[in-house]
Amino acid sequence: RLRKWQERIRTKDAGERNLQFALSEIDRMASAIGVPRSVREVASVIYRRALNEDLIRGRSIEGVSTAVLYAACRKEGIPRSLEEIAEVSRVERKEIGRTYRYISQELGLEMRPVDPKKYVPRFSSQLELSEEVQAKAKEIIDTTAEQGLLSGKSPTGFAAAAIYAASLLCNEKKTQREVADVAQVTEVTIRNRYQEQIEAMGIPT
Amino acid sequence: MSAPADSIEIQNVVASTGIGQELDLEALATDLPGADFNPDNFPGLVYRTQEPKAAALIFRSGKIVCTGAKSIDDVHEALDIIFGKLRDLGIPVEDSPEVTVQNIVSSADLGHSLNLNALAIGLGLEDVEYEPEQFPGLVYRMDNPEVVILLFGSGKVVITGGKTVDDASAAVERIVDRIDDLGLLG
DNA sequence: ATATTACTTTATAAAGC
DNA sequence: GCTTTAAAAAGTAATAT
């Protein structure tokens, strides 16, 4: 009886230390990527749920913290790519993605696919592009996504191509390299998505 | 009419078996030309057959895993070749050890392009994993038959996790019906 | 700028860490 | 959990020409 009690305390203490460390990590990474407090709150709620459902066992606290932050950004409608999240984490991209999918499945987060339009404002401001270009990029995304061009494609690459296309159409040209750098995709990806989008929009080349 | 189920092609069959006999893999590695054995990496010895093309993992316990075969018949042919090689080396192998098919991977073409975003919602987010940033296919876990289906924007699909050829057919028929009911069959 | 190669995902057994 | 083996799907990335 006493032993069970001690174990409960030990487990509780371990859990508290676990949670404390995780929350400080989430805070650190959230600051680094510059997301609002609401995202950290959502992240901490998800982390507590994962802890209660015993999903942390066999995984690093750092990995779960990062995956949960990635999920929270998406849930709050201000997604960061795995690449961007990985930059402020000491866990590699692949592990973050795996842990995220595991937590998402087990907790039934029912995450909707990322809308490429969500990346347009942030990428565009980094490129110092006007509202007009942003509106055009969003229009391209909506039109081409409706035609089924988005299926299977990375949201970042899709957004990057639309921004590149819009910058050309609005005479505020950015090079493929410049757009590729902020979106963290390759020029080849932008080229491929751009060609499909331009064709689907009926814009002659 | 070419039904999607008729487009099914078996791509890989995984099966397990065993000769009820312990093996000296070190000796086998030197006596079997072409055998790969790196006990530091993996406890099994790898042996590949050319016709039919397959790869076998042979363990010290005498248990064997055969992968890469394009049909269940090919699994048996490949294993018979291996059993023959072992007998040639003086290792007793019974006439026809029991072979268990563990997994069949198939591909098929639904014949219509798919809107994966709409499908993720339609099939139910709880049964679906669709993360195009990580992989272009939508992962759908089906209950009956118990298989996993990977759906692509092109309408091509991969069915895995089944143990019989019928599992793939049933899965394709069911997924086509479901997509059709959702009105999402392009 | 394009072509090739390689990696991502799914399932599955085997023995051992 | 991981290690190894095989195969398909299609996207992305790194490297070569």
Side-chain angles (χ1 to χ4, degrees), chain A residues 57-60 63 81-83 93-95 97-99 101-102 150-158 160 176 180 183-193 195-196, chain B residues 8-18 23 25 36-49 52-71 74-75 78 99-110 113-114 116 129-142 146-163 167-168:
Chain A
R57 198 174 288 175
R59 272 156 230 279
S60 71
S81 66
L82 285 173
E83 206 68 48
R93 200 196 112 116
K94 186 174 156 184
E95 178 64 21
R98 280 192 181 179
T99 306
R101 292 198 317 264
Y102 172 72
L150 180 55
S151 283
K153 268 77 164 214
S154 155
T156 23
F158 207 80
Q176 293 178 358
Q184 292 183 285
V185 296
T186 64
E187 294 168 87
V188 178
T189 295
I190 292 188
R191 222 139 47 215
N192 292 336
R193 295 307 135 246
Q195 292 293 350
E196 295 173 353
Chain B
I8 295 175
E9 285 181 43
I10 295 179
Q11 300 291 354
N12 183 21
V13 178
V14 179
S16 58
T17 186
L23 292 167
L25 297 184
D36 287 340
F37 184 44
N38 296 83
D40 292 341
N41 285 341
F42 189 69
L45 178 153
V46 182
Y47 183 76
R48 287 160 229 271
T49 59
K53 192 183 166 205
L57 304 177
I58 304 173
F59 298 89
R60 193 175 45 189
S61 64
K63 293 194 175 175
I64 300 173
V65 172
C66 178
T67 69
K70 288 286 184 192
S71 69
D74 281 359
V75 167
V99 175
T100 308
V101 174
Q102 302 287 357
N103 184 29
I104 297 178
V105 181
S106 304
S107 59
D109 190 348
L110 303 190
S113 59
L114 301 170
L116 300 184
E129 193 174 283
Y130 176 48
E131 293 292 335
E133 187 185 348
Q134 301 180 59
F135 185 70
L138 182 157
V139 182
Y140 178 67
R141 283 160 212 282
M142 185 175 273
E146 202 167 299
V147 297
V148 171
I149 307 176
L150 307 182
L151 299 133
F152 297 86
S154 64
K156 302 271 188 67
V157 302
V158 170
I159 305 93
T160 187
K163 288 184 159 43
D167 284 342

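Throughout, protein chains are lettered first and strands after them, A, B, ... in sequence-line order, and every chain is numbered starting at 1. Hydrogens, waters and symmetry mates play no part in the numbers below; they use all other heavy atoms, side chains included. What you see is a predicted model, and the numbers here were worked out from it, not measured in a lab.
The nearest heavy atom of DNA chain C to A:R191 and to B:F59 marks one nucleotide each, and the one closer to the 5' end goes with A:R191. Nearest-nucleotide positions on DNA chain D place A:R59 closer to the 5' end than the other of A:R59 and A:G152. DNA chain D is contacted by both B:P132 and B:G68; B:G68 maps to the nucleotide lying nearer its 5′ end (nearest heavy atom per residue).
A close approach under 4.0 Å does not occur between any side-chain nitrogen or oxygen of A:T186 and OP1 or OP2 of D:dT12. At C:dG16, one or more side-chain N or O atoms of B:R60 fall inside 4.0 Å of OP1 or OP2 (strictly under the cut-off). Contact annotation: B:S154 side-chain N/O to D:dA10 OP1/OP2 distance is under 4.0 Å.
Rounding to the nearest 0.5 angstrom, the gap separating the NZ atom in B:K163 from the CG atom in B:N103 is 6.5 Å. From B:D167, atom CG reaches atom CD of B:E146 across 9.5 Å, with rounding to the nearest 0.5 Å. For the atom pair CG of B:L114 and NZ of B:K156, the computed distance is 11.5 Å after rounding to the nearest 0.5 Å. For the atom pair OH (B:Y47) and CG (B:D36), the distance works out to 11.0 Å, reported to the nearest 0.5 Å.
Listed nucleotides D:dG11, D:dT3, D:dA8 differ in distance to A:R193; the shortest reach to its side chain belongs to D:dG11. For B:F42, the side-chain atoms get nearest to D:dT3 when compared with the rest of D:dT3, C:dA1, D:dA14. Here D:dA6 is the nucleotide among C:dA14, D:dA10, D:dA6 with the atom lying nearest to any side-chain atom of B:R48.
By the 4.5 Å heavy-atom criterion applied to side chains, B:V101 and B:V75 are not counted as neighbours. Taking 4.5 Å as the limit, some side-chain heavy atom of B:Q102 sits within range of a side-chain heavy atom of B:T100.
Computed from coordinates, the A:E187 CD to D:dA13 C1' distance equals 12 Å when rounded to whole Å. In this structure, B:Y130 atom OH and D:dA10 atom P are separated by 13 Å, rounded to whole Å. In this structure, the CZ atom of A:F158 is 11 Å from the P atom of D:dG11, given to the nearest Å. As rounded to whole Å, 11 Å separates atom C1' of C:dA1 from atom CG of A:N192. B:D36 places its CG atom 15 Å from the C1' atom of D:dT3, with the value rounded to the nearest Å. Atom CD in A:E95 sits about 14 Å away from atom C1' in C:dT8, given to the nearest Å. When rounded to the nearest whole Å, the span between CG of B:D74 and C1' of D:dA7 equals 13 Å. One interatomic measurement links the two molecules: CD1 of B:I10 to C1' of D:dA9, which rounds to 17 Å at whole-angstrom precision.
D:dA7 and C:dA15 are spaced 23 Å apart, taking the P atom of each and rounding to whole Å. A gap of 22 Å separates the C1' atoms of C:dT4 and D:dA6, to the nearest Å. Using P as the reference atom, C:dC7 and D:dT3 are 13 Å apart when rounded to the nearest Å. Rounded to whole Å, the separation between the P atoms of D:dA9 and C:dT2 comes to 24 Å.
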For nucleotides 9-13 of chain C, print each protein N/O atom paired with a nucleotide N/O atom at under 3.5 Å, atom names and distance only.
unit_1: C:dT9; atom_1: OP1; unit_2: A:R98; atom_2: NE; d: 3.3
unit_1: C:dA11; atom_1: OP1; unit_2: B:R141; atom_2: NH1; d: 2.7
unit_1: C:dA11; atom_1: O4'; unit_2: B:T160; atom_2: OG1; d: 3.3
unit_1: C:dA11; atom_1: N3; unit_2: B:N103; atom_2: ND2; d: 2.7
unit_1: C:dA11; atom_1: N3; unit_2: B:T160; atom_2: OG1; d: 3.3

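Among the atoms of the strands shown, only primed sugar atoms or phosphate atoms (P, OP1, OP2) are found under 4.0 Å from some heavy atom of A:V185. Using a 4.0 Å heavy-atom cutoff across all strands shown, B:S61 reaches sugar-phosphate atoms only and no base atom.
When both distances must be under 3.5 Å, the Watson-Crick or G-U wobble mate of D:dA7 does not exist. With a 3.5 Å ceiling on both atom-pair distances, C:dA11 lacks any Watson-Crick or G-U wobble partner.
Every residue two or more places apart in sequence or in another chain that forms a side-chain hydrogen bond (donor to acceptor under 3.5 Å, both in side chains) with A:R191 is listed here: A:Q176.
Remark: A:R93 CZ is packed, more than 12 non-hydrogen atoms of other residues, nucleotides or ligands lying under 6.0 Å away.
Of the listed residues (A:R98, A:K94, A:R101), just one forms a side chain to side chain contact (heavy atoms under 4.5 Å, CB included) with B:Q134, and that residue is A:R101.
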